[in-house]
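Note on naming: letters A, B, ... go to the chains in the order of the sequence lines (proteins, then strands), and numbering restarts at 1 for each one.
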Amino acid sequence: METDRIVLSVSDVRYEIAGRLLLDGLDLSVGAGESVAITGPSGSGKSTLLMCLLGLVRPQGGRIVVAGVDITRLRERALNRHRRDHMGMVFQFGELLPELTPLENTALAALLSGVPRRTAYADAEELLTTLGVPLGGTPTAELSGGERQRTAVARALINRPSLVLADEPTGALDGSTRDEVARMLFSVPRQWGCGLVVVTHDPAIAGRSDRHLHLSRGRLNDAGTALPGTGSTAGGAIR
Amino acid sequence: MNMLATYVRLFAIGRAAGRGSEGHGLRFTSLLCATFALALAAAVLVAGFAVYDGRELRGSARAPQYVGVADPDRAPLLVQVAYDDVGGAQRSIVFVDPRGGGVAPPPGVERWPAPGEAVLSKALRADLVREDSLDRYGKPVGSISEAGLEVPGERLAYVRPASGLLDPGNMTTAAGFGADERSVFGDRESLPPLSAFTFLVVGMLLFPAAVLVVVAARSGAAGRDRRVALLRALGAGTRARVVVNVGEAALPVALGASAAAVVVSLALPSNLTVPVVDFVLPATDLRRWAPALFAAVLAAALAVPAAVTLLHRTGRAGHGTRPRARNRFTSRRMAWSCPVFLLVATRGPDLLTGGGSLWFLVYVCGVVGTLATLPALIAAGVSALGRLLVRLGNRHGRPGALIAGRRAVAQPGVTARLVASVVVAIGLVTQIQLNTSLLNDAMIAAKATHERIGDSMLTVSSAADQRQNRAFLRDLPEGAQGLALEVESSDNRSIALYGDCAALRALNAPCGTSTADPADPRLQELTAWFGGGAADVTLHRADPPERLAREAERLLIVRDGGGDLPVGEVKEAAFRNLPAPQVMVVAGEWLFGAAELRDPAAWTLFLGVIGVGLLAFAAAANNLGDFLRFGRALAPLSVLVGHRGVFYAGAVWAILVPLAAAGAVGVLVSLWLAAPMTAKGAVLTWSFLASLLVLAQILAVLFWWWGSRSTAAQAAGWRPTAD
């Protein structure tokens with residue numbers, strides 16, 4: 001595990017809106033090859049945290065460093081570029097285009113990033129094969145839930161991001177599919193050398209991560225999950 | 001009071017919900033435009049009634065009160081209605097001779113003209129000036145004011161014959177002006193009847209506006225339907241749900257209705273000229289009907305919220321990712337039937353000799369079948385083009401083409417509906433325009449005659465005596481010669497022309513009795529129209545006025561050496577010397593008939609282009625709503641990769657190309673379908689087709705820009721929802 005390379009460092013982030021303090025001096029760091037799960041009750045600020053990590057909203061205080069660059073200081077165009085080059089995201093419902101094939105959905109993210117056509121399709125094919133998604137002319141809408149989420153993961157990885165964010169990635173799946181997708185998802189950091197942050201309501205899913213943090217009162221707290229085989233918690237400070 | 005406060009609150013909730021809903025911008029604009037279009041269409045219909053009502057009033061006020069008097073010399077007033085060709089159309093010339101001092105002049109005329117004077121309407125005066133013939137009917141004095149005209153742009157003249165040109169035997173006795181029945185003179189023949197106008201407005205304005213209302217009311221329906229279902233689940237009654245829906249639609253409807261009211265108001269203070277048809281709207285009639293005009297606007301403003309309320313569906317599921325099943329719209333059988341019907345329409349009539357009702361039946365069946373099956377063919381075409389786009393998108397790495405192509409293959413109905421709506425609308429409007437302009441066989445022949453011989457031969461009819469005819473012939477412009485025309489009444493197979501040597505030489509005949517040169521095109525046309533096509537034409541040296549006093553019916557005026565006559569000068573000579581003369585080109589009465597179709601055709605063109613525009617707008621707005629839904633699906637990815645250009649590229653294939661192509665295909669199909677009708681004499685003007693084509697292109701660009709910007713802005717506002 002390459003925790004010596006930090007892909008995400010959140011320092012003393014503060015976010016307030018309409019008189020409500022949602023994030024209150026929050027710290028978080030994630031290393032390459034590491035997975036972190038964040039749970040918390042509804043309204044605890046998980047969405048806000050995701051939006052801050054993506055750079056869609058700017059916190060009133062603190063720093064967010066992704067792949068060595070403080071995104072809170074970037075202008076819009078540079079931020080778009082940095083997000084495209086270093087972040088991927090997996091959504092609860094996949095947010096794939098139902099009419100496109102899995103190959104097309106995956107390659108689309110690369111094409112929109114300016115990757116040459118041959119490379120985009122070749123990389124997409126490799127990713128989908130590795131993740132066990134059938135290649136063919138079947139529209140994504142006609143795949144199973146598990147296959148759709150694998151495709152969504154492939155799309156998130158196509159641009160070789162440093163950091164992958166997942167927003168309730170198993171929330172729309174049933175029992176065995178959920179486990180299968182979770183197993184696949186949490187293998188991504190080690191396999192692809194990126195960091196993974198999963199936001200979820202499901203403690204069972206969160207328990208698969210290297211670290212399980214709980215968001216409450218604007219702060220992240222250890223939910224009691226230690227790293228397997230080390231006996232210590234990894235990464236940066238948690239308040 | 002509590003109830004009122006509750007409804008006010010619900011109204012406010014509706015407004016707030018609308019602002020925050022999906023596709024708010026599209027829905028707002030669509031409702032505003034739909035209300036404006038519906039209100040204006042309703043106002044146009046009412047304005048039509050107002051104008052026709054005004055025509056009845058003024059037409060009745062100037063109608064002569066005909067009375068039976070044994071001795072015409074004792075009649076208070078003599079009236080004779082005649083016609084003259086001015087500006088290519090037949091215009092009314094009313095000869096009047098007041099006998100008693102107590103008879104008031106006709107409405108709109110300040111004082112009686114003196115003998116040899118004429119009072120002209122402004123429009124007729126302008127036409128005569130253009131023909132350099134202002135004093136054709138006599139010395140022009142004063143103008144007929146609007147109170148004496150059925151519509152401000154009417155062409156009309158009151159002429160008091162000069163002494164010596166009065167013909168009491170051919171004039172009708174009257175006691176004055178003002179009767180229950182409208183006057184028979186004026187431009188009434190050139191304006192369509194009220195029923196035809198109503199049909200045009202309902203079909204070309206109200207119906208398309210209603211379609212736009214339906215599309216606007218269903219725009220963004222998914223969210224609204226969910227909201228209504230939620231309100232019902234919470235126990236809200238019908239009235240409460242209605243108030244919420246009305247609250248959402250209130251602002252755009254109010255703005256649209258206000259804009260229409262402003263447009264209506266602009267027409268009230270003074271006359272406005274309607275472009276294209278060049279019709280002057282009488283402000284007095286509109287002011288008299290002002291309450292009805294604004295009531296029409298208000299009715300439209302109430303109809304739109306009613307449509308919004310009535311056109312919701314409950315229990316509708318949220319969006320799914322599975323493609324919709326194909327339906328009859330995309331039926332293969334229907335698609336293959338379309339070329340067959342097209343063949344029936346364009347070639348079927350050729351198999352039938354002559355014309356008649358069977359010809360029209362075959363043609364109409366072909367046209368109706370083509371337009372009914374065209375949507376299925378278009379859907380098949382959209383699918384095929386979609387597959388091509390997918391191949392291109394994959395081959396060249398073009399995301400916009402790839403996405404649009406896949407959508408077209410999965411849901412061809414979306415694009416097909418857009419294209420089919422525009423194509424069928426253009427096809428229908430073109431058919432109406434063709435029918436409106438259809439000339440009968442005689443009109444076609446008359447136009448062909450005029451194209452062959454122009455103004456080289458004129459006929460002159462009047463009740464003149466020999467002295468008057470002689471004076472007219474002496475007064476003809478230089479180079480013009482007159483002959484008396486006599487048609488053998490027993491068999492219509494012989495025509496005799498009587499003239500002096502100069503007149504005979506003008507027809508390349510010797511000075512004596514001879515048979516006419518069969519190669520002379522003028523005499524060929526004379527034979528065709530007066531002799532049944534197979535008559536012999538003989539020429540005789542004789543005195544034309546003397547022959548007119550005996551058997552001959554009219555004078556024929558020709559020019560030395562052939563060539564066109566100076567028609568204006570001939571007419572001036574006729575009106576100077578003959579009582580109530582009628583001067584026409586050969587077959588002129590049929591040319592008048594053809595000319596009378598010009599105005600209805602212009603109205604069809606004008607209203608048709610607007611109607612097609614409204615339908616195309618509605619179809620494009622519907623398509624845009626679907627594109628916005630697509631935009632929402634793509635928003636997360638576009639935000640993550642920082643790429644908004646895909647929306648612009650996608651909109652090119654999803655909106656711009658289909659709408660632009662629809663205009664071109666519509667014009668092409670209309671041209672094909674029009675061929676049999678144009679061969680029969682119907683007129684399809686290129687300006688009409690060009691207007692429709694340009695309109696489609698403008699809408700294509702406009703909606704492409706709107707769709708691209710809306711989806712890009714929508715994507716910019718996307719946020720993940722982890723809770």
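Heavy atoms of A:L54 lying under 4.5 Å from chain B belong exclusively to its side chain. Of the atoms belonging to B:L637, it is side-chain heavy atoms, and not backbone ones, that fall under 4.5 Å from chain A. B:V639 touches chain A through backbone and side chain together, each having a heavy atom under 4.5 Å away. When heavy atoms are compared at a cutoff of 4.5 Å, A:A120 does not approach chain B at all. Using a 4.5 Å cut-off between heavy atoms, A:F91 contacts chain B through its side chain alone, with no backbone atom that close. Heavy atoms closer than 4.5 Å to chain B are found in the side chain of A:V57, but not in its backbone. In this structure, no portion of A:M87 lies under 4.5 Å from any heavy atom of chain B. In this structure, chain B has a heavy atom under 4.5 Å from the side chain of A:R155, while its backbone stays farther away. When heavy atoms are compared at a cutoff of 4.5 Å, A:N159 approaches chain B solely by way of its side chain, counted from C-beta outward.
Atom CZ of B:R709 sits in a sparse spot, with 12 or fewer heavy atoms from other residues, nucleotides or ligands closer than 6.0 Å. In this structure, B:R398 places its CZ atom where only 12 or fewer heavy-atom neighbours from other residues, nucleotides or ligands lie under 6.0 Å away. Counting non-hydrogen atoms of other residues, nucleotides and ligands closer than 6.0 Å to CZ of B:R9 gives a total of 12 or fewer. No more than 12 heavy-atom neighbours from other residues, nucleotides or ligands sit within 6.0 angstrom of CZ on A:R217.
Annotation: maximal heavy-atom pairing with chain B below 4.5 Å, among A:E95, A:M89, A:R83, occurs at A:R83. For the set A:L56, A:L111, A:V115, A:T140, the entry with the most heavy-atom pairs within less than 4.5 Å of chain B is A:L56. Chosen from B:P399, B:G642, B:G393, the residue pairing most often with chain A at heavy-atom distances under 4.5 Å is B:P399.
Taking CG of A:L96 as the start and CG of B:L634 as the end, the distance is 11.0 Å to the nearest 0.5 Å. Between the CD1 atom in B:I403 and the CG atom in A:L112 there is a gap of 6.5 Å [rounded to 0.5 Å]. Note that CG of B:N394 and CG of A:L100 are 8.0 Å apart. Values are rounded to the nearest 0.5 Å.
A:L97 places none of its side-chain heavy atoms less than 4.5 Å from the side chain of B:R406. No side-chain heavy atom of B:H643 sits under 4.5 Å from any side-chain heavy atom of A:R84. Within the 4.5 Å cutoff, no side-chain heavy atoms of A:L50 are placed close to those of B:R719. Within the 4.5 Å cutoff, no side-chain heavy atoms of A:E99 are placed close to those of B:V409.
Formation of a donor-acceptor pair under 3.5 Å by the A:R117 side chain with backbone atoms of B:R395 is found in this model.
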